[in-house]
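In what follows, a single structure is set out as structure tokens and then discussed.
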Amino acid sequence: MRLELATALSVTLLCPIKNSTWSSRLFIMDYMKPLNCFLWMTIFHLIITHSTEDKCQRETEKLRVQIKTLENHYAKRHQLLKNLRNQSAERPETGNGIMNLGDKSVHADCAHVFKSGNKETGFYMIKPTNSTVPVKMYCDMSEGGGWTVLQRRMDGTESFDRGWSDYKRGFGAMDSGTGEFWLGNDNLHFLTSQEECTLRITMEDFEGVRRFAVYKNFKVSDEKNKYQLSFGEYAGNAGNALAGGDHPEVQWWASHQGMKFTTFDSDNDQYGQNCAQEDKSGWWFNRCHSANLNGLYYQGPYSAVTDNGIVWYTWHGWWYSLKSVVMKIRPTHFESNGI
């Protein structure tokens, strides 16, 4: 509208007047020069203003479209985040956190977790029958599944030269799928007293060779009885080191059958001195050992005042320290179910 008005004014003022003389035209034109300049400036201003307003309207419309697009994008992202949160609440958490089972059932061990349909390896909250509170435990669902891990040695980052209270409660990296830890003697007792258990020990040396030892009827007594150890029939390819091997003389001073747990501050072994102080670990020492899976971490063959490495005598002798060890248990009847 403003552009049309400006054009009309310009035509009216600048066009020659009909039937006027040449001199009168010159007079009018001279007279109109200042007004012409003003009008042209006004017309230019109106044109620019109109153009600017059109441009502003176009930019405003573009911004409205962009805002609408962003709003739609935000709504989709918000819905996606909501869906992911719902899915994480419904599924077990993987990685290093505790698995969310999504129910209120109480699991007495990892075999119970496995049979309930949860077959992912990781940490779960377990409450053995005689325990007063749930405990964070690592469940290994490989090799048939249902294994509760008691101990793990991987790289020597955790010290196992600890006192009675630490071994009673447990210690180590209980937030990592690869960290070193001891589950705790109280927990070992709770787990092995609720039903007959099988112990499986998996070992690896620094040459990458792996061996295993399996013991039926593995059991740990309570603190009053100093967490006394008992075990049954052996199977495997690492040798029967817990029983002192096959040599009667070694069995007499080294077998761990029926031994009580000893730490540097609680001496319950058969030795005249304290085996835990000499061998730098808590264990079921005799006079002292043919197996010490809580010993100091060396890189294979080692030299020391005593045989204080991670030892499995029937495989590598007393002067070779193993690279990795995992001790784990599950109910003996679990195997007979064909799982």
Side-chain angles (χ1 to χ4, degrees), residues 107-115 126 128-131 135 137-153 160 167-168 170 181-203 211-245 251 254-262 268-269 281-286 289-295 310-315 322 325-337 339:
H107 298 281
D109 56 25
C110 293
H112 191 192
V113 172
F114 185 88
K115 290 180 179 180
I126 304 295
T129 302
N130 295 321
S131 177
V135 178
M137 298 187 188
Y138 191 79
C139 296
D140 183 354
M141 301 307 185
S142 66
E143 297 177 314
W147 297 99
T148 305
V149 179
L150 310 180
Q151 180 253 38
R152 181 166 54 210
R153 305 298 303 275
F160 280 69
Y167 272 101
K168 170 185 168 68
F181 67 86
W182 181 260
L183 184 59
N185 289 341
D186 278 347
N187 293 323
L188 268 64
H189 167 65
F190 293 144
L191 289 166
T192 60
S193 62
Q194 62 189 4
E195 54 187 322
E196 183 178 317
C197 290
T198 295
L199 169 70
R200 182 182 180 91
I201 305 172
T202 304
M203 298 163 273
R211 296 284 178 91
F212 71 95
V214 175
Y215 292 90
K216 296 290 182 65
N217 199 20
F218 173 78
K219 191 169 185 178
V220 176
S221 67
D222 59 14
E223 184 176 19
K224 182 175 66 175
N225 291 294
K226 306 300 182 184
Y227 303 116
Q228 187 175 24
L229 174 67
S230 63
F231 51 87
E233 179 184 354
Y234 158 81
N237 58 9
N240 189 4
L242 279 186
Q251 291 174 355
S255 172
H256 302 278
Q257 182 72 269
M259 294 300 107
K260 298 177 180 179
F261 204 84
T262 290
N268 304 299
D269 58 40
S281 71
W283 193 249
W284 298 279
F285 290 111
N286 188 338
H289 67 81
S290 52
N292 179 15
L293 301 181
N294 287 343
I310 302 174
V311 171
W312 195 261
Y313 152 71
T314 53
W315 181 18
L322 299 175
V325 177
V326 174
M327 298 175 63
K328 54 190 179 183
I329 61 171
R330 70 181 177 189
T332 301
H333 67 77
F334 185 91
E335 299 175 342
S336 65
N337 289 340
I339 299 177

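Everything numeric in this text was worked out from a predicted model, so none of it was measured.
The shortest non-hydrogen separation linking Glu143 to Arg330 is O-NH1, 3.4 Å. Ser193 and Asn130 get closest at one heavy-atom pair: OG-ND2, 3.7 Å. Closest non-hydrogen pair, Gln228 versus Ser221, comes out as N-OG, 2.6 Å. Shown here for Ala111 and Pro331, the closest heavy-atom pair between the two residues is CB-CD, 3.5 Å. The nearest pair of heavy atoms linking Asn225 to Lys260 is O-CG, 4.0 Å. The two atoms that bring Ala291 and Leu242 nearest to each other are CB-CD2, 4.3 Å, heavy atoms only.
Residues passing the salt bridge (Lys or Arg N to Asp or Glu O under 4.0 Å) test with Arg153, sequence neighbours excluded: Glu180. Applying the disulfide bond (SG atoms under 2.5 Å apart) test to Cys197 and every residue at least two apart in sequence or in another chain returns nothing. A search for salt bridge (Lys or Arg N to Asp or Glu O under 4.0 Å) contacts involving Arg211 returns nothing, not counting sequence neighbours. Applying the ring-ring contact (aromatic ring centres under 6.0 Å, His included) rule to Phe231 yields the partners Tyr215; only residues at least two apart in sequence or on another chain are considered. By the ring-ring contact (aromatic ring centres under 6.0 Å, His included) test, Phe261 is found to be paired with Tyr167, Trp284, residues two or more places apart in sequence or in another chain being considered.
Looking at Trp312, its side chain does come within 3.5 Å of a backbone N or O of Gly239 through a donor-acceptor pair. In terms of modelled atom types and a separation under 3.5 Å, the side chain of Thr148 and the main chain of Asp109 share no donor-acceptor contact. Checking side-chain atoms of Asn187 against main-chain N and O of Leu183 turns up a donor-acceptor pair under 3.5 Å. Judged by distance alone, with hydrogens and angles left aside, the side-chain atoms of Thr262 form a donor-acceptor pair with the main-chain N or O of Asp269 at under 3.5 Å. Proximity of a side-chain donor or acceptor of Ser290 to a complementary backbone N or O of Ala241 within less than 3.5 Å is detected. Between the side chain of Gln151 and the backbone N or O of Trp182, no donor-acceptor pair lies under 3.5 Å. Under a 3.5 Å cut-off, the side chain of His289 and the backbone N or O of His256 do not form any donor-acceptor pair. Within the 3.5 Å criterion, the main-chain N or O of Gly282 finds a donor-acceptor partner in the side chain of Asn294. A donor-acceptor pair under 3.5 Å is formed between the side chain of His189 and the backbone N or O of Val220.
A side chain to side chain contact (heavy atoms under 4.5 Å, CB included) with Pro128 holds for exactly one of His112, Gln194, Glu195; it is Gln194.
Between the CD1 atom of Ile329 and the CZ atom of Phe334 there is a distance of 12.5 Å, given to the nearest 0.5 Å. Atom CG of Leu150 and atom OG1 of Thr192 lie 8.5 Å apart (nearest 0.5 Å). Rounding to the nearest 0.5 angstrom, the gap separating the OH atom in Tyr227 from the CG atom in Leu229 is 14.0 Å. Of the inter-residue distances, the one linking Asn240 atom CG with Glu233 atom CD reads 10.0 Å to the nearest 0.5 angstrom. Of the inter-residue distances, the one linking Ile126 atom CD1 with Ser131 atom OG reads 10.5 Å to the nearest 0.5 angstrom. Rounded to the nearest 0.5 Å, atoms CZ (Arg200) and CZ (Phe218) are 15.0 Å apart.
Legend: salt bridge (charged side-chain N to carboxylate O under 4.0 Å, His left out) pairs involving residues 181-193, not counting sequence neighbours, sorted by first then second residue: Lys168-Asp186.
The shortest distance between side-chain heavy atoms of Gln257 and Ser230 falls below 4.5 Å. By the 4.5 Å heavy-atom criterion applied to side chains, Val113 and Met141 are counted as neighbours. Phe181 has its side chain within reach of Val149: a pair of non-hydrogen atoms, C-beta onward, lies under 4.5 Å apart. Between Met327 and Leu199 there is a side-chain heavy-atom pair separated by less than 4.5 Å. Looking at heavy atoms from C-beta onward, His107 lies out of side-chain contact with Cys139 at the 4.5 angstrom threshold. Counting heavy atoms from C-beta outward, Phe212 and Asn237 have side chains that approach closer than 4.5 Å.
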How far apart are the C-alpha atoms of Thr332 and Thr198, what are their side-chain angles, what is the distance that settles it, and do they pass the side chain to side chain contact (heavy atoms under 4.5 Å, CB included) test? CA-CA 5 Å; Thr332 301; Thr198 295; 3.1 Å; yes
Would Val135 and Phe190 count as a side chain to side chain contact (heavy atoms under 4.5 Å, CB included) if you check the C-alpha gap in whole Å, the side-chain angles of each, and the deciding distance to 0.1 Å? CA-CA 11 Å; Val135 178; Phe190 293 144; over 6 Å; no
